[in-house]
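Residue numbering restarts at 1 for every chain, and letters A, B, ... go by the order of the sequence lines. All of these numbers come straight from a predicted model, not from anything done at the bench.
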Amino acid sequence: MAEATEVASGLLAWFVLHARDLPWRHSRDAYGIWVSEVMLQQTQVQTVIPYWHRWMRQLPTIGDLANAPEEQLLKLWEGLGYYSRARNLQKAARVVTDTHGGNVPSTIADLLELPGVGPYTAGAIASLAYNQPEPLVDGNVARVLTRLRMIEGDPREPETKATLWSIATQLIKATGKLHSVPSTPLARGRFSILNQALMELGATVCTSRAPSCDQCPIRKSCQAFASGAVERFPALAPRVKATRLRYAVVVLRRSGKWFLRQRGAGDVNHGLWEFPQLELRLRPANPVRQVAEWLDITPKSLHPLPRVRHAITRYQITLEVFQASVDKTPVALGDGQWLTTREIEALALTSAHRKIALNAIEPVNIQTD
DNA sequence: CATTCGTGGCG
DNA sequence: TCGCCAAGAAT
């Protein structure tokens, strides 16, 4: 295990010199670290930073989170995606309040009981916040370790996953045996430093595309580097090709207000607000007639706004947007509310519908090619 | 165990 | 324009 020791000490030394100064690395309480970890699930650091600041300013303690109204949570999460993360965070805050005396637990078993906390996040909280000798494997660590040891399998498969957690555990054990460790204001304790170093290396040096092996502190131990095969790892299976969908979105105005609906329980993104939308067939190309019939208004009253594209995992969605002024609520729209601009600003919309709102309220000049 | 859940950036 | 992917978890 001399090699694991060398890797661990190399990572620690590198981290204290090259760590990014991320805001949650100054958090001294586990709550701030926990919030950052949940926000960072499948989400990049640069995206998370402003959200984390706003969240911690408005909900500085677990008690604040446990008592916050759902619309505040969703507004704070607006645009981050995976909105169930916000609701799970609050459920977990209530569990912490009710059964852990308001203190974020420090053991893996207790952490795994919390909604929204899985193997990775449990390891992250235990090691980063409490410096417990617990391993973690996220996408970054999987990339670093598959390259380090030339692990051929897909990191998403259970067998490969087990191998990676085992290697991460070896590194934690080696870290525990180091005689001396460097210190940094950005992490407290050797296990916290090691795990953050693994992730930091994956995020900034051992990147998916165009890795900077010349700047890697552990390249002498890296089997893939020695074989000139770094970019062959990790061997991820190709994703399912996205299915294309088209929707018409209607921005209806009536005496200075806009019509929006709230997604209901059981829906994807429930609790979020949106302009009414209608699924379109891919043909015909021009959906004006279909939309006009849906709303029972004349086609000429529909005015196009810039189309908006977005994706929900395996769906690639194009939104064809139309604006119209009406004097009554079209029957087909069902429940919804007529709202002012100011009211809409205070609601949580998906990113696509927030863009539509901005386009409708402050129309951009469309440059024709 | 396979699928689902968002979004923005980048080559 | 398009595919890929980023500090994963729940069902």
Side-chain angles (χ1 to χ4, degrees), chain A residues 19-20 22-25 33-52 74 77-89 91-92 111-129 135-144 154-159 161 164-165 168 187 192 195-204 206-211 231 234 236-244 263 266-272 274 307-318 348-355 369:
Chain A
R20 290 170 294 177
L22 305 178
W24 43 87
R25 287 183 171 158
I33 293 170
W34 174 23
V35 171
S36 77
E37 289 303 333
V38 175
M39 288 185 169
L40 285 161
Q41 288 168 7
Q42 300 288 284
T43 309
Q44 293 187 331
V45 164
Q46 294 309 317
T47 304
V48 166
I49 289 173
Y51 284 88
W52 186 83
L74 292 176
W77 214 268
E78 180 184 51
L80 257 190
Y82 292 132
Y83 296 94
S84 62
R85 289 184 294 176
R87 264 185 283 265
N88 280 336
L89 205 39
K91 284 183 200 162
L111 287 164
L112 287 175
E113 295 290 318
L114 303 176
V117 176
Y120 162 76
T121 306
I125 296 171
S127 62
L128 306 198
L136 59 75
V137 177
D138 72 335
N140 288 311
V141 178
R143 190 166 52 254
V144 170
D154 185 333
R156 290 188 280 246
E157 288 171 358
E159 185 184 344
K161 216 178 275 184
L164 294 173
W165 279 87
S192 173
N195 281 341
Q196 294 194 68
L198 275 169
M199 293 190 282
E200 189 82 349
L201 188 72
T204 63
C206 192
T207 50
S208 173
R209 287 166 300 203
E231 300 199 57
L236 294 166
R239 296 191 175 187
V240 180
K241 196 179 165 189
T243 302
R244 289 178 185 284
R263 298 189 67 100
D267 279 1
V268 174
N269 297 340
H270 71 273
L272 293 166
E274 64 184 17
R307 66 166 55 94
V308 171
R309 305 184 60 195
H310 73 126
I312 300 181
T313 50
R314 63 191 198 84
Y315 296 105
Q316 175 61 53
I317 303 165
T318 302
L349 277 58
T350 63
S351 281
H353 284 259
R354 178 57 69 190
K355 282 178 203 161
D369 299 336

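One can place CZ of A:R309 at 7 Å from C1' of C:dT1, the figure rounded to the nearest angstrom. Atom CD of A:E274 is separated from atom P of B:dT7 by 11 Å (rounded to the nearest Å). B:dT7 atom C1' lies 18 Å from atom OH of A:Y315, rounded to whole Å. Rounded to whole Å, the distance from CG on A:L80 to P on C:dA9 is 16 Å. The distance between atom CG of A:D267 and atom P of B:dG6, rounded to the nearest whole Å, is 11 Å. Atoms NZ (A:K241) and P (C:dC5) sit 17 Å apart, rounded to a whole Å. The distance from atom CG of A:D138 to atom C1' of C:dA6 is 9 Å, rounded to the nearest whole Å. Put simply, CD1 on A:I317 is 12 Å from C1' on B:dC5, counting in whole angstrom units.
Checked against B:dC5, C:dA6, B:dT4, the side chain of A:R314 finds its nearest nucleotide in B:dT4.
For A:S351, a side-chain nitrogen or oxygen approaches OP1 or OP2 of B:dG8 to under 4.0 Å. Residue A:Q42 has a polar side-chain atom (N or O) positioned under 4.0 Å from OP1 or OP2 of C:dG8. Within the structure, every side-chain polar atom (N or O) of A:N269 is placed at least 4.0 Å from both OP1 and OP2 of B:dC5. Checking the phosphate oxygens (OP1, OP2) of B:dT7, a side-chain nitrogen or oxygen of A:Y83 falls inside 4.0 Å. Side-chain N/O atoms of A:R156 include none lying less than 4.0 angstrom from OP1 or OP2 on B:dA2. The phosphate of C:dA9 (OP1 or OP2) has a side-chain N or O of A:T121 nearer than 4.0 angstrom. Neither OP1 nor OP2 of C:dA9 sits under 4.0 Å from any side-chain N or O of A:R87. OP1 and OP2 of B:dG6 both lie 4.0 Å or more from every side-chain N or O belonging to A:H310. Checking the phosphate oxygens (OP1, OP2) of B:dT4, no side-chain nitrogen or oxygen of A:T313 falls inside 4.0 Å. OP1 or OP2 of B:dG8 lies within a sub-4.0 Å distance of a side-chain N or O belonging to A:K355. A:R209 has no side-chain polar atom (N or O) that falls below the 4.0 Å cut-off from OP1 or OP2 of C:dC4.
Residue contacts for A:S36: at a heavy-atom cut-off of 4.0 Å it reaches no nucleic acid atom on any strand shown. Residue-level contact check: A:A242 touches neither bases nor backbone, having no heavy atom under 4.0 Å from any strand. Counting any heavy atom pair closer than 4.0 Å across all strands shown, A:W77 reaches no nucleic acid atom. At a threshold of 4.0 angstrom between heavy atoms, the contacts of A:R244 are confined to the sugar-phosphate backbone, with no base atom among them. At a threshold of 4.0 angstrom between heavy atoms, the contacts of A:V141 with the nucleic acid are absent. Nucleic acid contact class of A:P115 (heavy atoms, under 4.0 Å, all strands): sugar-phosphate only. Residue contacts for A:G79: at a heavy-atom cut-off of 4.0 Å it reaches the sugar-phosphate backbone alone, with no base atom in range. Residue contacts shown for A:A124 are absent, as no nucleic acid heavy atom lies under 4.0 Å away. Contacts of A:L22 with the nucleic acid, taken as non-hydrogen atoms under 4.0 Å apart, include base atoms.
For A:T43 against B:dG6, a side-chain-to-base donor-acceptor contact under 3.5 Å is present. Side chain A:Y82 to base B:dG6: a donor-acceptor pair is found below 3.5 Å.
No donor-acceptor pair under 3.5 Å is formed between the side chain of A:R20 and the backbone N or O of A:T204. Between the A:D154 side chain and the A:L236 main chain, no donor and acceptor come within less than 3.5 Å of each other.
Taking the P atoms as reference points, C:dA9 lies 22 Å from B:dG8, given to the whole Å.
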Please walk me through it: do A:R85 and A:E37 pass salt bridge (charged side-chain N to carboxylate O under 4.0 Å, His left out)? CA-CA 11 Å; A:R85 289 184 294 176; A:E37 289 303 333; over 6 Å; no

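Within the 4.5 Å cutoff, no side-chain heavy atoms of A:V144 are placed close to those of A:V141. Counting heavy atoms from C-beta on, the side chains of A:L40 and A:W52 never come closer than 4.5 Å. Here the side chains of A:L272 and A:L349 are not in contact, with every heavy-atom distance at 4.5 Å or above.
Where A:L349 and A:P158 each meet DNA chain B at their nearest nucleotide, the meeting point lying more 5' is that of A:P158. Each of A:A237 and A:N88 was matched to the nucleotide of DNA chain C holding its nearest heavy atom; the match closer to the 5' end belongs to A:A237.
Ion pairing of A:E274 with A:R354 is absent here, as no side-chain N (NZ or NE/NH1/NH2) approaches a carboxylate O to less than 4.0 Å.
Separating the CD atom in A:Q42 from the OH atom in A:Y82 is a distance of 5.0 Å, to the nearest 0.5 Å.
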